Amino acid sequence: MAFKTELTSEDLSDIRQSALGAADPLGIAADLADAAEAGRLADKDDAGYALALAAEIAESRNKLDAALRYVERSVEAYGERDDSQAGGAQALRARILFRLGRTDDALAALEPLRPLLTRHTDAPAYITAALAAGGQARVAQQWLTEAVEQALADSGNTAEPSSAEDAGVLFFLLQQRHRLRHALGLQHDTHDNLAERLETRLTNAGAATAAAAAPDLLFFRQPEFDRLLEKLPALAEPFGANWDEHRGILERELVRLTTAGRSGLTLLPATVVGLTGFAGADGDPADAKVRAGYAEQLAGREGQIPWPPERNGACWCGSGLKYKKCCLPRSR
Ligand SMILES: [Zn+2]
Ligand SMILES: [Zn+2]
């Protein structure tokens, strides 16, 4: 298999979506690494991302030595960058080191990333995932607690944040910590209480939006999702800061609706063009009413994705994985 001569950022997100279910994912990983190193990327800044993607693909097939080689090249390609993507690559490197049994190296790789916990909304998730892969959930709990306290001190606000949006990165820290502490069987503390209050408000806001005929089950496939946040970063609040979170929000909402007695639920495959088109020149795609209206429009059309799939069937999100290995666990 060979890619066309030059890969764009969009090609990379398409590859990301399809590679895990492909017949020869390791071939794809090798080709990605090649493209990055032979300068066959339309945007040279994508080299770190392409190599991290190759590493993730190799990791998913348990080719950990290959995964480590790719991810080390990825970290090198990111160089001095300390944005969220670069941090994600370093956390991935730590995760692979843990899986190789190199616990000390993994911890040493993660330690310098701790300041990112209060800077990037997705850092709490990727740092926790790396530590959890190494059986270090209690260390993650400790780091998240310290970061929450840091964020609270930094905000200097004595008043409690009134919404998840208002809390910013603190919300992602609180939410990650709350989930992790439940998984560890720990009792609620004051930070968990705050996390729960903010989460409830988020759910209520969502429920108010969905009060119309069509529930707000807009689903953006991965390349669409990436384009969405690129174009309209404010939409990370209702739809999730990354595609994993987007799918988690939807899966939890579907479970919630089912628990509330709804059946025959479907996901509404949304597009950026569709949403902005529905909003029109004067409308705001981030407006809850606009989103609900677009959902209602899609609910009357073909192409909806029935939910839930069979446990062993293909996941609704199109990842190519079995539902029980993909989005099913996201509701927990
Ligand atoms: Zn709780
Ligand atoms: Zn899925």
Side-chain angles (χ1 to χ4, degrees), residues 13-22 25 53 56-57 59-61 122 124-126 128-129 132 137-138 140-141 144-145 148 160-161 163-164 167 170-204 206 217-226 228 239-259 265-270 303-332:
S13 4
D14 289 345
I15 291 166
R16 187 191 173 86
Q17 185 173 20
S18 57
L20 295 177
L53 185 50
E56 268 186 88
I57 294 169
E59 187 204 16
S60 77
R61 295 293 150 133
D122 50 354
Y126 60 64
T128 302
R138 289 189 179 268
Q141 200 279 135
L144 291 169
T145 301
V148 161
E160 175 178 319
S163 67
L170 172 63
F171 174 71
F172 294 91
L173 280 167
L174 286 167
Q175 190 184 37
Q176 192 67 49
R177 181 178 177 277
H178 180 207
R179 264 186 227 148
L180 180 66
R181 286 170 57 85
H182 269 285
L184 287 169
L186 297 171
Q187 294 289 319
H188 259 218
D189 63 6
T190 53
H191 298 323
D192 289 318
N193 293 337
L194 173 57
E196 211 148 77
R197 282 197 294 280
L198 293 172
E199 284 164 13
T200 312
R201 266 172 238 159
L202 201 61
T203 318
N204 289 344
L217 291 173
L218 296 175
F219 166 52
F220 293 86
R221 294 179 205 279
Q222 182 148 39
E224 277 301 318
F225 187 79
D226 293 345
L228 178 76
F239 291 128
N242 55 54
W243 199 54
D244 281 352
E245 223 176 276
H246 179 51
R247 292 180 293 169
I249 290 168
L250 286 168
E251 183 70 24
R252 285 193 296 280
E253 176 65 4
L254 287 157
V255 169
R256 194 186 66 77
L257 289 167
T258 306
T259 316
L265 293 165
T266 57
L267 289 131
L268 309 167
Q304 297 169 41
I305 304 167
W307 183 94
E310 296 286 346
R311 283 177 60 82
N312 280 312
C315 191
W316 57 261
C317 74
S319 64
L321 299 176
K322 288 182 180 175
Y323 177 47
K324 68 173 183 193
K325 296 250 174 198
C326 187
C327 289
L328 176 67
R330 293 183 206 283
S331 65
R332 291 183 200 131

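Note that ligands are numbered from 1 as they come in the structure, with each ligand's atoms numbered from 1 the same way. Just so you know, residue 1 is the first one in the sequence shown, and it goes up from there. Note that this is a predicted model, so its numbers are computed, not measured.
For the pair SG of Cys317 and SG of Cys315, the angle at the Zn ion (ligand 2) is about 110°; rounding is to 10 degrees. Remark: at the Zn ion (ligand 1), atom NE2 from His182 and atom NE2 from His178 enclose 100°, rounded to the nearest 10 degrees. Rounded to 10°, the angle formed at the Zn ion (ligand 2) by SG of Cys326 and SG of Cys327 is 110°.
Glu196 has its closest N, O or S atom to the Zn ion (ligand 1) at the position named OE2.
Annotation: the span from Thr190 atom OG1 to Glu160 atom CD amounts to 10.5 Å, rounded to 0.5 Å. Here CZ of Phe225 is found 10.0 Å from CZ of Arg247. Values are rounded to the nearest 0.5 Å.
Side-chain atoms of Gln141 and Thr145 form a donor-acceptor pair, as typed in the model, at a separation below 3.5 Å.
Within the 4.5 Å cutoff, no side-chain heavy atoms of Asp122 are placed close to those of Asp244.
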